[in-house]
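Residue numbering restarts at 1 for every chain, and letters A, B, ... go by the order of the sequence lines.
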Amino acid sequence: MGAPAMSKTITIDGKNVPFSDGQTIMDAALAAGVYIPHLCHNPQFEPHGSCKLCVVSVNGRNMTSCTMPAAEDMVVANNTPELNSDRKALVQMLFVEGNHICPACEASGNCQLQAAAYYLDMLSPHYTHFYQPRAVDASHPEIFLDLNRCILCELCVRASREVDGKNVFGISGRGIGTRLVVNAASGRLGDTNFAATDKAAHVCPTGAILIKRQGYRIPIGQRTFDHKNISEVQMEPDHE
Amino acid sequence: MNEKRKIRLATCSLAGCFGCHMSLLDIDEKLFDLLGMVEFDRTPFTDIKRCGPCDIGIVEGGVSNAENVHVLKEFRKNCKVLVAIGACAITGGVPALRNNIDLWDCFQEVYLYEGGLEGNQIPNDPELPLPFDKVYPVYEVVKVDYFLPGCPPSADMIWKFLTDLIEGREPKLDYEMLRYD
Amino acid sequence: MEPHEFPQIEQQLAPVFERHGREAHWLLQILREAQEIFHFIPSAAITCIAAHLGVPRTRVEGVAGFYSFLSLKPVGEYRVLFSDNVTDQMQGNPELMRYFCHKLWLEPGKVSEDNLLSVDSTSCTGMCDQGPAALVNGWPLTNLDHERLDLIAELIRNRKPVCDWPSLLFEVKDNIRRSGILLGEPFESGTAIRATLARGSVATLMEMEASGLRGRGGAGFSVARKWSMCRVSPGEKHYIVCNADEGEPGTFKDRVLLNSYADLVCEGMTVGARIIGATKGFLYLRGEYCYLLHKLEQALAQRRVAGLLGRNILGETGFDFDIEIHLGAGAYICGEESALIESLEGKRGRPRNRPPFPVTHGYLDQPTVVDNVETLACAARIAAQGGEWFAAMGTAQSSGSKILSIAGDCARPGIYEYPFGVTLHEILDDCGAEDPYAVQVSGPSGILVSSKEFGRCISFEDLPTAGAFTVFKRGRDLLQIVQNFVHFFAHESCGFCTPCRVGTQLQKKIVDKIANGHGTAYDLEELKQLGHIMQTMSHCGLGHTAPNPVLDMLKKFPDAYQHKLKDLAFEPAFDLDGALETARNITGRDDAWAHLP
């Protein structure tokens, strides 16, 4: 028999979104051109579920869309004022947790954290700043590691493990002391086998991992998010 | 003749570079229009030393020392609406880069290094404002009513914001105007 | 400490490797033992262990950096940790800790210069009915007072091995004040297994169903459903895990079950194993109860001798099942079933993304049942006596009995077993509560109940509890109590998701601000908004319940905080005058302009 099966669908904000078995709500949404805000998600790696920006309301219950498998009869609310307000609060939390000083950051204009904040209309970080001392590591000849900007999305951890096969990065500590660590007894990036050609060197959504000597090359007005917002950029097919 | 009362506007720069004030002045000839709507109270332009009762207060720069707090409290007390303008006022900005450096190390570097100032001593005159251990955003010290992010926010942005506010509309910035750098 | 300071590290770790082999899921146990040898985990040990297990160095460092009882910095030959549970606090533990530190010229959190000892605080050690409590190198110290601390200080100064200290210092009593069908009835080992074999697994599962048994660890999930879902899940191996992490502050009933009813618990595990088809079971024992390890190993050994554990149990060919004990290392989050499984696999205790759930993909991705200690004890009774008898007791939705661990402002703290449906009035009467004002039911993640609600009852449909029942008398500073809870959650957050990692810290800052007299109405609104974010966006139950004590206090106990609020609409987020202290010291100034009001 050759009749194609009716594709299964969920609805997101009233729109019918098809999905196939094994896809998460996020997978299905992105494939259908529906934007769900996200920071730690990247379709090239296993979904993570830590930033919580992608939380949607499914049949009245909040769920993390990047890890939740899509299923029939799911009625998903995504672009609601309440969810966007909660997402803004999460971005504000990230801003006060780290030391994110945009005017002095090489990633400004190309930064997903900043772009998410713009998208969610964040005018100020609102909460009280933590001002935690965070490590800055320039020991590697080609890569600069500035943990002031790390949002613990673990994209570099996943990329280094799943794509580069190197396991350069890992996470240690607990609670607010959670921090990125590298695969060297000295604790220095320069003592690992990390290379500028690694996938992990190019997936950081903020300015925590930067290729040296590239900062400020792109003038204001020509940076990734200067004229396009994050929903447009992250929906582009070749988007990294 | 029934003249409409002019909006009183005060501005100051705490731990700021005055870049936001420069950006305000960048509205160029619209300054004339502005002067038709507002009267300046304490600002760097008018050189009035104390802020009196005002409708709008615009604060640039973060809170870095004791004197900043005195000025900020005066502004909050006297201004009906308080606006924090620029990255420094809103997040601490570039001066807040010193937050992870020990204050003692800062003082040593400036005053006690070899070949520095005559006498190599840390000044302690009572007139000098004492710095905080960290630079704080304005909203962590007083309640802020509006935020105008940017480094600096563009003149267009400041103009749109001010006219919205003065003409009684809730200020709204579109995507292209909202930036933190 | 540089790597060259440990030239013999391979040799020193050899016996540890000998015991545990090369499987990565023993990592936590290996690190615990490394900590015992070196009094911390040196960088060289991390490198060595990583090489031995064939895992990235970051993996080992990540686990060593997660658990409270593991330390990457030296913590001294003697590590004394004072419990900061609210009952210990009410009994004066903070003052006792200060007294002890003062006596030994120590600062809390810092190791002494000769690396002899360090003193710090730790989350509830499960000794709430015999506090003030502490741990010394993992061993529980109870009923502390100045006299005992003087003695302990002497013993440490003289470098007496902890195993030679007077046993009175470590005395832990069961304090069973009221028993019922679980604790009060005699039990003959093997009866439940025999009954299960006689009527068959399916029939026994039906008895579980008939009994209405729901999980006793707090979640209250139907045991019959969990076991049958696991039973039919495809997988190479099935596992049953006994959750003995009992980390919820104020809970100590599993400690008593493990101390005096270990047989009953193992029996329940074995019955469960038979039903779900498991050949291996784990008992995940919280690090604070490591003093029970030897006794539990002995109980297991005895059961093996009696043919109740191991191969061909009770002569039934092919019925193979054995139990392995894994120790925790100080992490409340490991009481959450998926985080517990991660810990069993030798990883950081980070709750998993669900679905899939442990019953289909648990330990090593295999179908796994995780049950609380008390649940398994109940299961054993039900397997032996049938389900109807159990269902006859309790309420419509909560069958059977519940063990409560009662402590706080009451004359008779200890273990009380009640049928579900018992009212708070009755409980408070029985335990001798002195002018009770509030009760924290089920620990900080539970419900703070006011005297207006003392007519309510313990049940899943009304006031559910895993067991913790903390009584507060009139006059107690409820704000201080809520502050204690809020600090606890901030300390125990695993750090994975944004709302909990950052939210619990923000909540702590604001509650501290109010407690210090700098709170305003604005701060109350902030707490409500933070509470909403944590409740709706968090990854797991810790984040979801962390705002509970605060929101309960705001709603039910306005007297606790309103008098502390300032009349102003807004107070600065930090101490303005305090923030000038460093500069005052540097410049040597103290004039009027060097201060802020």
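Residue contact with chain A, scored on non-hydrogen atoms closer than 4.5 Å, involves the backbone and the side chain of C:Ala331 alike. When heavy atoms are compared at a cutoff of 4.5 Å, A:Val157 does not approach chain C at all. With a 4.5 angstrom heavy-atom cutoff, C:His532 touches chain A only via side-chain atoms. Heavy atoms closer than 4.5 Å to chain A are found in the side chain of C:Leu72, but not in its backbone. When heavy atoms are compared at a cutoff of 4.5 Å, A:Gln92 does not approach chain C at all. C:Tyr67 touches chain A through its backbone: at least one of N, CA, C or O sits under 4.5 Å from a heavy atom, while the side chain does not. With a 4.5 Å cut-off on non-hydrogen atoms, C:Ile510 does not touch chain A at all. Interface remark: C:Thr536 contributes backbone and side-chain atoms alike to the contact with chain A (heavy atom separation under 4.5 Å). At a 4.5 Å heavy-atom cutoff, the contact between C:Arg501 and chain A is made by backbone and side-chain atoms alike. Using a 4.5 Å cut-off between heavy atoms, A:Thr64 does not touch chain C at all. Contacts between C:Ser68 and chain A at a heavy-atom distance below 4.5 Å involve backbone atoms as well as side-chain atoms.
You'll find the side chain of A:Lys52 stays beyond 4.5 Å of the side chain of C:Ile533, heavy atoms only. In this structure the side chain of C:Arg57 never reaches within 4.5 angstrom of the side chain of A:Val181, judged on heavy atoms. Residues C:Gln505 and A:Met93 form no side-chain contact, since every pair of their non-hydrogen atoms from C-beta on lies 4.5 Å or further apart. Looking at C:Leu506 and A:Phe130, their side chains come closer than 4.5 Å, going by heavy atoms from C-beta outward.
Comparing A:Glu154, A:Arg61, A:His48 by how many heavy-atom pairs each has under 4.5 Å with chain C, the most go to A:His48. Of the listed residues C:Pro499, C:Ala50, C:Ala64, the one with more heavy-atom pairs under 4.5 angstrom with chain A than any other is C:Pro499. Of the residues considered (C:Pro355, C:Ser538, C:Pro356), C:Pro355 shows the highest number of contacts with chain A, using heavy-atom pairs under 4.5 Å. In terms of non-hydrogen atom pairs under 4.5 Å with chain C, the most contact-rich of A:Thr128, A:Val55, A:Ile151, A:Asp86 is A:Asp86. Of all the listed residues (A:His126, A:Arg87, A:Met68), the one sharing the greatest number of non-hydrogen pairs under 4.5 Å with chain C is A:His126.
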Pair C:Arg59-A:Arg161, side-chain contact (heavy atoms from CB on, under 4.5 Å): steps then yes or no: CA-CA 11 Å; C:Arg59 169 112 154 69; A:Arg161 179 180 63 225; over 6 Å; no
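From C:Gln529, atom CD reaches atom OH of A:Tyr127 across 3.5 Å, with rounding to the nearest 0.5 Å. If you take CE on C:Met537 and CE on A:Met63, they are separated by 14.0 Å, rounding to the nearest 0.5 Å. Atoms CG and NE2, on A:Asn62 and C:His544 in that order, are 8.0 Å from each other to the nearest 0.5 Å.
Counting heavy-atom neighbours within 6.0 Å of C:Glu10 CD, excluding the residue itself, gives a total of 12 or less. Dense packing is recorded around CG of A:Asn59, with more than 12 heavy atoms of other residues, nucleotides or ligands lying under 6.0 Å away.
Between A:Ser50 and C:Phe496, the closest heavy-atom pair is CB-O, 3.2 Å. For the pair C:Val502 and A:Glu97, the tightest heavy-atom approach, listed with the atom from each and the gap, is CG2-OE1, 3.4 Å. Closest of all the heavy-atom pairs between A:Asn183 and C:Pro56 is OD1-C, 4.0 Å. Minimum interatomic distance between A:Gly49 and C:Asn353 (heavy atoms only, all atoms of both residues): CA-OD1, 4.3 Å.
Contact annotation for residues 167-178 of chain A against chain C (heavy-atom separation below 4.5 Å, listed by residue number): A:Asn167, A:Val168, A:Phe169, A:Gly170, A:Ile171, A:Ser172, A:Gly173, A:Arg174, A:Gly175, A:Ile176, A:Thr178.
For C:Thr498 (side chain) and A:Cys51 (main-chain N/O), a donor-acceptor pair under 3.5 Å exists by modelled atom type.
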